[in-house]
Structures are given as C-alpha cells and as structure tokens.
Protein chains: 4
Amino acid sequence: MLDGMKSMQRKLLWGMVGGGQNSQIGSAHRIGAGLDGFFEFAAGALDVVPERGREFAMLHGISPERAYGDWREMLERERGLPPGERLDLVTVATPNSTHFEIAQAFLNEGYHVLCEKPLTTTVEDAEKLVQTSLERNRILAVNYGYTGYPMVRQARAMVKAGDLGAVRVVVAEFAHGSHADAADADNPRVRWRYDPAQAGVSSVLADTGLHALHMACYVIGRRVAKIAADFASCVGGRVLEDDAMATLRFTGGEVGRLWASAVAVGQTHGLTLRVFGERGGLRWSQEQPNQLAWTPLGQPTQILERGAGGLAPEANRASRITVGHVEGMLPAFANIYADLAAEIRRRETAGDAAPVAVEYPTGEDGLHTLEVVHAAAESARRGGTWIDFGTHRPAS
Amino acid sequence: MLDGMKSMQRKLLWGMVGGGQNSQIGSAHRIGAGLDGFFEFAAGALDVVPERGREFAMLHGISPERAYGDWREMLERERGLPPGERLDLVTVATPNSTHFEIAQAFLNEGYHVLCEKPLTTTVEDAEKLVQTSLERNRILAVNYGYTGYPMVRQARAMVKAGDLGAVRVVVAEFAHGSHADAADADNPRVRWRYDPAQAGVSSVLADTGLHALHMACYVIGRRVAKIAADFASCVGGRVLEDDAMATLRFTGGEVGRLWASAVAVGQTHGLTLRVFGERGGLRWSQEQPNQLAWTPLGQPTQILERGAGGLAPEANRASRITVGHVEGMLPAFANIYADLAAEIRRRETAGDAAPVAVEYPTGEDGLHTLEVVHAAAESARRGGTWIDFGTHRPAS
Amino acid sequence: MLDGMKSMQRKLLWGMVGGGQNSQIGSAHRIGAGLDGFFEFAAGALDVVPERGREFAMLHGISPERAYGDWREMLERERGLPPGERLDLVTVATPNSTHFEIAQAFLNEGYHVLCEKPLTTTVEDAEKLVQTSLERNRILAVNYGYTGYPMVRQARAMVKAGDLGAVRVVVAEFAHGSHADAADADNPRVRWRYDPAQAGVSSVLADTGLHALHMACYVIGRRVAKIAADFASCVGGRVLEDDAMATLRFTGGEVGRLWASAVAVGQTHGLTLRVFGERGGLRWSQEQPNQLAWTPLGQPTQILERGAGGLAPEANRASRITVGHVEGMLPAFANIYADLAAEIRRRETAGDAAPVAVEYPTGEDGLHTLEVVHAAAESARRGGTWIDFGTHRPAS
Amino acid sequence: MLDGMKSMQRKLLWGMVGGGQNSQIGSAHRIGAGLDGFFEFAAGALDVVPERGREFAMLHGISPERAYGDWREMLERERGLPPGERLDLVTVATPNSTHFEIAQAFLNEGYHVLCEKPLTTTVEDAEKLVQTSLERNRILAVNYGYTGYPMVRQARAMVKAGDLGAVRVVVAEFAHGSHADAADADNPRVRWRYDPAQAGVSSVLADTGLHALHMACYVIGRRVAKIAADFASCVGGRVLEDDAMATLRFTGGEVGRLWASAVAVGQTHGLTLRVFGERGGLRWSQEQPNQLAWTPLGQPTQILERGAGGLAPEANRASRITVGHVEGMLPAFANIYADLAAEIRRRETAGDAAPVAVEYPTGEDGLHTLEVVHAAAESARRGGTWIDFGTHRPAS
C-alpha cells in the first residue's frame, strides 16, 4: 500500500492556479495532493478575483507572500525563489479556455504541470503543450482522475497480463442528467457549455465523454485508430451536443462503443467501463468503484474486491485501507498525485528507477483524447462518416 | 390481474408448428399458452423428423390424430374439421428461413398466426405476410415476448401518460456472451448464425438486437425514422456481425442508441432499456424484470415494484401474483397469449370492445423491425451513412 | 430440465379445496399444478360460498358435476368414482384453522394431500396428520413453495456435497412491511392474524418465519435442536408478535439466526438465506432468485446463475428455460407439483425408483417447523429461555 | 460542505499514541486528521518498538524532537511546551488493553483525547475515563468512525425530524469472514482475539458488533434499556464467541436485533443498518455508503444520494464532493476529526456556539456500548436471560 512508499525525503512543494472558493474541483485537488503527505500546498493564484484568491489561499495555509492575485504574478514572483522553496508541481484548474496559456507559461518556466481536463480547447494548442513539455523535459500530466481508482488499474493490469486474451469490444459510458432541466437553459453555469464560442466543437463528449474515452484507452493500452459519431442536442436552444454516441476502432483492431449524455435523468454520475476479450469480460462502475466484475469465459462471474488477496501490484499500491471498506474519489485523485510524486523524485535521482511503473495520465493522453473528440465532432458534422487516424500511434 | 379476466367461454384451441423436443423456445410457448388456461394445445407438427414430432406432441397431450408429421399434413388434415374443433391460433416456431412459407399458408387458410421472431428473413416476405393478414383479416403477431413483462408495460404506460414529458433519448441493449468462445466457431448450432447464406444480412442485430429495438419502439410508441450502424465480426471466420452498434432517430425526433453483442462475456442475457425524457428517466433490466427504476427530474430515484399500488392498469392486468414475488419469462410469454386470446374473442363478438387495449406485437411491428435491421446492415456496408425511412410511419 | 421427465403416462388428476376467487394463493396453485402438464384440474370445492365456488371451478375448466359447494360434498361424491377418474392429489388451501379437519378427511379417504402452510394450528393436530399419512401410506406434503426455486436446491446440493465443509451459521430472514400501517389495524384481513383466538400462539413467525425456518432446515439437511426467541408487538392493539427474532441450534450443532417481521417497511418480500461453512458461504434472496452468491473460503465471490453449466442435477432438473432468463415463483411452485407427480407415479410402479430423489416438503417438515414455532412462542413467553428438542430427530 | 467551515484560525496540533508502521488503523487516522487541513500532525509515540516509532513519525513529517519512543516519554516531554506548541488533541490507537492507562494519563494532563474503540476493556475503566474527562473538562471521544458517513447522519437527521414517526425496529449487523479459516487459529493476529485473558469477555461483539450497536443508538437517538444474547464459538479451540446474536429494547421501547460474526465467509465488511418506523423505513450499507434507501409507508422506495438536493444539513456539512462521486471511509473518519476541531475551537471561544451540533461519538457512547457488550456476555453466560439497564439513561 501507498503508506509503505514513503521515504525520509522532503515534502514536495505544490502550487495551484484556479480551484478557489467556488470551484468544485479545487477542493478535490487540495485533498488529493495532501492526502498521502507527499505534497505541501505552498503557493497559489486561486481565483479570478485577486483578493478573494489570496484570502482563500491563506485560509488553506499558504503564507501571505505566496498567496497570489493572479497566475502571472505567481509566475513572476516565484521566479527568484531558491531551489528548496521552488514549487515541484503546479496544477492548472482554471476555466478550459485558459489552460493552454497558463500551462505553457509554467512549463516554459521549468515547472512540472498537472492540467485539468480537457488539456486545451484546440488540438494545436495541445500539440504545442506536449512539444513544450518534451523540449523542457518537464512532466505534463492531465487529470483523468478516475484512472486513479485501484480497480481500474486492476482492470488494466489484467488486460496487460493477458487474462482476457485479445480484447474484442470495449463499451464505455459517461452519462448523467445534470443538464436535463430545460429550465436551466439560461443558467450561466450550464449555458456556456453548449455555446461553441465558449466550449469549442463539442460539449458533453469533450466534458464527460473524454473520461470514458481515456479510461478505455488506458485499460486496454491502445489509442483510437478511427471514429464515427452522432451528436444530438436534446434541450431546445443548444448548439452543441448534450448526447453523443461514437463507435471506434482502436489501434489493435478492438471495437469501441462510447456513449456520453448530460440529459440522462436518473444516471447520477454514470461512468462505466466494460471490456470483453477472448477469454473473459470485465465490468466496472464509478458509483461502486471498489468492485470489479470478472467473468472468465465459461465460468461464473467473480466479484473482485479492492484490497483482497490475489490482485495485481498496480492495484495494491493504489490502495490504502483494508478490504471491504470504501475508497472513493479523493484517494483516486491522490493516486494521480502519488504517481506524480514518484516520477518527480525518480527524475531527481537519476538511475533510481521506480519499482512499479507510474500510471498518471500524460499530456500525450490529453492530446490524443482531444484529437479523438475533435474527430468525433467532424464525423458528426459529416453525417457519421469514419475519421481515420491511421494505426501509427504508440500504446498508452 | 389476469385471473379476473376469464369468462365461461370455451377454451381456445391452439396449434404449433416447430417447437419440438430439441427446441428451447417450444417449451416456453407451450407453458405460456397454457398458463392462464385460455388455450388448449390441440394440434401440432412439432419436429422436422415426423415420427419424433408426433410422439412429442402426444407426450404433451395432443390426440394421436392431430399429432402431425409435418406442417403441410397439418394444414391439409385440419381443413375438414368442424368449427368447434378448428384451431383458433397457430404458432410458428420453426427455423427462421421457413417462417414465411408456413405463416403465409396458415394465414391463407384463415388461421390467426403468432410467428417467432424474426418474422421472415427478407423485408419483402414480411410485407407479403402483413398484406395477407390484412386481406384475410386474420391476426398476424410476432413473438417479441419480453414486451409481455408487466414493468415494460408500465414503462410504456408512463410514457403514454406523459410522465416523462417528451422523450429525448432511448438507450437499448441486448448483449450476451454465448458466442464468445472461438472454440465454438465450428459448432453447427453457432456457425449458421454467422453465415449469410443461412442467416441473411445480419446476425446478432437480427437475433437479439431486434428485441431491444422493438422494445424501444413499443415503450415510446414510435417507429424508427432513420438509422446508422456499425457492424463488427470479432470472432475469426465469421462473415456476419457478432457485435453491432446503431444510432437512430425515431419518428418523433427522439434519439436512439442501440447495442447488440454475442461476444460480451459476463453479460448473461443483457437486455436493458433506458428512456430519458424532459421530466424523468426510466431504467429496466430483463435480469431483474419486476422492478422499474423511475427518476422524476430533480428528485430521488424510485424503485417501482410489479404488483405494488399506483401502477398503470396495463401493468396490473399483466400481473398474476402479489408484490415482492418474482414473475419471470413464462408469465411474460403468457401475457402475449392472453392478449391474443382477448383479441380473438373480441373479433368473435363484434361490438364487444376490450376494456383495455391489447398489447401484443403485431406483424407490422415484425415488418418494421426487420426493415430497420436491413437498413442497419446497409448502413454498416456503406460505412455508417444514415438510412432514412421518412417520418410517415404510424405509431406502434 | 423438467421437460425431459415426461412420459406417455396419463395426466394425473388434481383437486383443490379452497383457493377460489378471492384467494391469492389459489391462482399460484392452479398455475403451478398445470404448468408442466403433469396434472389436470379435475375437481374442487373452492369457496366458502358454495355457489361462488362452483362457478369459479367451472370457469377454470372443471366439469359441473365435479364443481362442489363444499369439501364434505366433494369427499362424499368423489367416493364412488372409478379408478381412472379418481383424484391423484388434493390440495388444501383453506384458512389455517380448517387445514387439519380437511386434510385428515382426505388422507383417511386415501388421497395424497398437499396442504398449505402452516400444516395445522396445533402441534397435536400436525402429529395426527403425519400419523394418518403413515397409517394410510399416503403422501402428506406441505407447501413450502420457495424450496422449489432451483438455486435453493443448488444451495442444498452444495451443502450436501460438502462444498461448504461443516456448516457453522445459518442466517434466515423473512421480513416484509405489509402490516406496518397502524391504520390497517382494524382491517379484518390483517386483524385476525394478531388475535390468538384466530391465529394461535404466533403471528409473523408462524406466517412468514416458517418459510425461512424450513428453508434453513432444508438447505443444511438438519432439524432444529433448540431455540430461544423474542417476540415483539410493534403496532398498538396487537396481542401476537409482528416482529420476531430467534436463535437456534440445529441437530448437527449449527448455529441459526432467524428474523421475521411484518413491520419492516421497505422490505417488499424479504426472504433471504445465508449459510456459512468451514470452506465457504452462500447467499440467496427471494427477490432475485435466479442467482446464488457463492464465496469459497479465501476466494472472490462467484455469482452462480440458474441454467448455467456446472450446477447440481437437483438444480438443473428444477429449471425450465435457458440461463439469463428469469424463472419466478410460479415455476418454483410447479417444481413442488412436479416432485409430487414423480412420487405419485413412483408409488404406482413399485420398484421403479426415481433417478433423482424428489424434494417436496413433507408432513414431517410441516410438523417439525410447527413444533419449532410453538417452542419459540413458549421461549418468548418465558423471557427467552432455551427450549430444547433433543438431538434425536432425523435429517430432513 | 466542510470546505466552507474553515476560518483563518491556526491549525490545531495533533498527536497520536500507537498507529505506527504495522497498524491498519493508524494510516486512516493520519489521513482523516489531515484531510481537511484542520490538524497538523505534530507529535507521536507510534510504536511499541521505540526506534521504529520514532522513524515512522519522522517519515510522516514529525520533527525529530517530537518523535517519541513511548507514550510516557511523550507525556513527560510535551509537558513544558508553550501554549502555541501544545497539542490540541491526542489520539490513542494502541492495543485495547492499554487504552485506559494512556487515555487517563493524557486526560489528566489536560489534553482532549480521541480513543480507538473499544474505549477500555472493563466497564469500570470506562467509567473512570468518563469521570476524568468531566472533572478535567476535556473532550473524551471514541472512534466509532462509521458514524462519520454523511448518509448515516442523514438517517439520524430523518429519525430526529420525525420522518419515520416512532421507530419500531432496528436491525444492525456487522458480519465478516476474516476469522473463518480454521487454519488461522494459531495465527497470533487472530488467536488473541478469542482468548479471554487478552480480549476480555467478548470477541466479535466487542470488536465489530460494537460499531453496529453504536450506530443503532446514534441513528435513533436512544440508549439500550435491556439486552439478551447468544454467543457461539464456531471455530475449534476458541473460547470467546466468533458469532453473536442479541435482541434488545432501547430506552424508547424500540426493538433491536443485532448480529455480529467473524465467520461469515463472503461478507466482506458487512456493516448494515435498517430502521423501521411507523411512517417509513431506512436501509444503509457500509459497502455502498453514498446511498440511503428510504421507503415512506405505502410508497415506492427512494434512493437518496449523498450530495443531492433535499438532504439534511447534518448530511451536507459532512460531505465534500458533488453528488454521484463516491466518498469513502477516509472522509468519514475526517468528519469525526472535523467535529472534534469544531468543538475544540468552540471551547476556546466561549459563547460562540457552533451553528450545527457536532456529532462525534463521546466517551459516554463508548462507556454505554461497553456496558451493553458486557451485559450481552453475561446474558449469553446465563443462557440468554434479559439483562435490564433501566430506562434512565440520557439520549445520545
């Protein structure tokens, strides 16, 4: 378990841009980064309103001199800090349209960066970010946090180990009903999501569908080779889609079925993954994440439990408490941060390879999923024709 | 409940073609037809091997003189029977490719006919059957038996009553793993299903997908207006698809998502329906058919139970035992037969309208779903382009 | 499957006392007896109101001359029938207090009898019935119909085969909320159940608890050796218990925990059984009866499915339709009738032993469970002291 | 949500005795105490092996001078610290038999104390601790951490608000199979639990049953008035019980049913609570803690979701992330710490009452549940006679 991974090394220093008082995701980042004690929250520019951001940062233990009014100020004033005080990781949790500029600036300044999803709003910007991270040799990660769940990692490990044989079909869903109320159409927290000027080429597929898509890629270890999609706008007045279906082929020839919806009343937060292979099938659901249903071909379904004996090392190292208890989203987020901490430390001590490969979602993952969503949007515009990526992309 | 519907009228006489000793579905028909005591099993040509068919018929209580060696013999020798001995309904449960010829012959002879699904193997044949049934004024029904489940009827009644407001999205699945074992590829019980010469243009979509498709139409009271599909053959050597995804628009503009698979290891018999509307969402699963999950917009999900108070009359009249007990597939089949019995008796006594509309799936339903599957196959061949039916079709 | 058990033998003739128009259970008996075609409904005295009973019988296909006004008339007038018309089995489904007199009369007349539960209202009467059945060499069965479920039989077969090793603990529940509404206290359909003058020494334990108790005995193949109980009357004005807890020891030293309730709002029909042994544990629930959860010691839980490969012959022969479909209460009842049919035929043809032992619940089972309930009532009156039965009773 | 409760006040200082490297619970305390940022881990004596404890403490960020070898050293050397450095709360997570001495010492020294359960091994010691906490006016809390789950608090709030009307029956279970393997009987981590010399008068009831018992009291706001119990030792060689059943009456006359087991193979961590009242019933399960099933009398069951609209303030303030995500055990523990932080701060600023009553389990709760367990053990020894507490105890 993670607890045993610790060393006497110093805590890593962590900063965040965005994620302040009114942010739902900011709290999950703060708890996730702090949960295992790997990171100390040392600096931040947390709010679009400078004073509110400074106060909120100090409320969370940041010293007044590192509680900034905006990210440019943060970038500028952190520049002169001595190595022992310099941030090890910066999380970008601002509105989507600002991810690129901020992440680019911090990468260029030499910081490792974890960016909220979607990585950027255009494919070109995502390519630039990945390019910058390579040139500067800095980590660029994207927060597909659900891949931090131990039983998602178990699924990936089982596919990798060949337990399923060749994967044939992957069915991924992320459907909720949060934008189903037509009376909310003018609510500014909802409206911008369906406006191309603010949200780009896709709404629900780029918002929740992205998680399901990445999880499919992550678990089967493939990229998307081609995609065809159908977008629908069910609530009056929306330009972008609030329900999307896509059919895919992955680079190994696997078949993918992907559904995302924001009008699925009764599906609270319906992220599910089903993987069917030659020798067995797996089913996982975000709303009951500590179990993984595993059906070996011709045998009864087994319910694999997080924390039980017989799981893969990748699942066990992402698990903190004993079997039968529930580990939820916050430890899943913490697993992304734990992986980043391990990678940051590995880079500090050349030649000291991590015993287990870290599993955080990379900038390449963020770029690839964005490309797929943009291709899906193009397919939908063209009446559902296939958009082919070729089969040259590396496994994730 | 059904028990109260009975009258002092004579039992109706029922015959079957096919459904003999090695038939899985034959037993369900015999039990379904007999369960409520509406029908008496009076004649049959049950097997492709004449003697075996005769013996099996007598074993099930058919008199030796009405236990036939083949359907032509049955048609011929039943012809001379007096009105009181004449069959009221003939069920056709033979291999798919023979449905047309047999159903056509019995319709022409003036019998009411219940045909197993798919109604025929070509759209043209299905059109002819429907035409014959109209010309002869005989019932032509197709056995989409899952629509006999009380909570499926509850779902339809709730949509009809406007509980969901306008329906926006329907997600229908029928996925199982029965043909996932590559070692079965040469098993003759499996192989023919993926051979176009024997199975036609579609395998899994025409086999299980058809049920999900009809259930979607039935519950929302619409026909399909257009469809786009993607077929995949996952097991080596198969020509026809063993995994299919389709996206649809119904005649009221509703969005449909349809997935069928025969390689989904771990999905035992995964027929599920989800319907999302303006004011609420419904979820139903064949493996737990006595419950219907109902989420009114902005409120907690409720678990509606078959037999409980507050359900629609259409659900209550399809229900036999008290709440909390399980009613399974056999009573669901029996509901199709009960509806047919009600309609047959209604026709006998002109002007005596049934108090509740009967709900059995009609020949038109069988034709329509077949057209949709054929259109899906064409779409898949053309790379997923939409096939448009127009919006002129009547509601189911 | 059952379908294969049939022979060319004549249908058995079946009669019922009680179970008429207003009876919930009567319909389940009629369908259960008829479902497999083993029995023909030939005679009945179905109602306390003679004319209503006669009409209801004829409505269900009984000839006018065998549609009786009361059970004494039935007994009398059936007496002279020739062997080929004589009833093979009589079901008693009248109010509890009349079971003894009617069952006794029919046994004495030489009929096989299936009696609804509880067998009688006093232990002495139950002993007399068992004695009569032995003296007259007639079958006396009691309708603990839930033991007809295939997966309950699978559980029993697994215990018998030693899959669990020695059984340690059995937890049986039957809790519902049907009598929770205090406003129903004066409803005559509810009130009599809590009145000792009408219901005897126990209400909910004798009503639903009896099923759970018998199922525990049936699955582990033991009798109760001793019991201690606590009765509570939760709704004002009730003398008898509407909530009961008992702790038990079975004849093999196994520990039992038994809970029955009629005030458990939200538990629709909560009959569940959990069996824990040295080498594994089993869980079954009446509301999802086609699955049995099986956890081998130290391994993941497996979901065993009715109809799947690898089950015991006792489960397979009680199953009619393919895996993944739902078989509910009516086929479970039919399994009791199928077992009775097999036993009746076995007795007709001496020396022709059934290949698989029949499993219907016997008069001894009915007597034993009644003794246990009466002992529980005595224990509750005495403040929860143990009532010991000794360990001399034979396995069920 | 909790995030909004923060103030600019200093972090509280926290220390722990026990909970070191090989402790399962220690990690949950560290994460729980740190999760919201209310406490800083400032001092500890974490291990029975002094050097190992010191190293482990430093590994978790404790300064070398406050990483102690044993609790006496900690008590001694912390004594002279100035107010700003003095610990605000000490958690005792050592073996059960040492709780009393350590907690007593820290209370006497003027610290607030959170003690792991069971509070002590004898009732007398628990009474002394409660007495000391009163005399010294220090908080004494006991870690019944599962009451930190938001939906458990929702259940309590609904009972308090009268949604259920008068509570009639409470069914509480905590059953697992972790000690089912007879081969583990000599494993020292298991054996001591069934040895009276080390574990006292009760094993599984005092270990897991205690949680279920407290949760029942907590949710219905009552103490136990009387209890009768049956203990069984199922695995050979055990003196203390590994399976226990108790029946209870609470101070308001409510009926309780309590089952605890350590041999329930297949029940991973089966803590469940069911509460049945005049006007509705509630069901909660630790393995799916974000949902609460609520059945209003005569209406369908509703699935209440953590984070959804319409919940009680007590549930909302214990919740951190949006609806549909999973909050597990670590945030539940953190809620206990959050309540302690609120109470500690309230005491610092007299007259500044908390707007919502804090809900942490108190020393009185720990004493009461211990008394009940000891009474249960006595009842079991006496053959299940009722042990009466009177009805004078205050509501929890």
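Between the C:Q288 side chain and the B:V326 main chain, no donor and acceptor come within less than 3.5 Å of each other.
Ranked by non-hydrogen atom pairs under 4.5 Å with chain B, the options C:P289, C:G34, C:A332, C:A28 are led by C:P289. Counting heavy-atom pairs under 4.5 Å between each of C:H176, C:Q267, C:H269, C:Q286 and chain B puts C:H269 at the top.
Aromatic ring orientation, C:H325 versus B:Y146: parallel (interplanar angle below 30°, classes split at 30° and 60°).
Taking 4.5 Å as the limit, every side-chain heavy atom of B:L330 sits out of range of all side-chain heavy atoms of C:L330. At a threshold of 4.5 Å between non-hydrogen side-chain atoms, the residues B:I31 and C:R320 count as touching.
Annotation: the span from B:E305 atom CD to C:T268 atom OG1 amounts to 4.0 Å, rounded to 0.5 Å. Here the CD1 atom belonging to C:I321 is positioned 9.0 Å from the CD1 atom belonging to B:I25, to the nearest 0.5 angstrom.
Heavy atoms of B:E287 lying under 4.5 Å from chain C belong to its backbone as well as its side chain. Contacts between C:Y149 and chain B at a heavy-atom distance below 4.5 Å involve the side chain alone, from C-beta outward.
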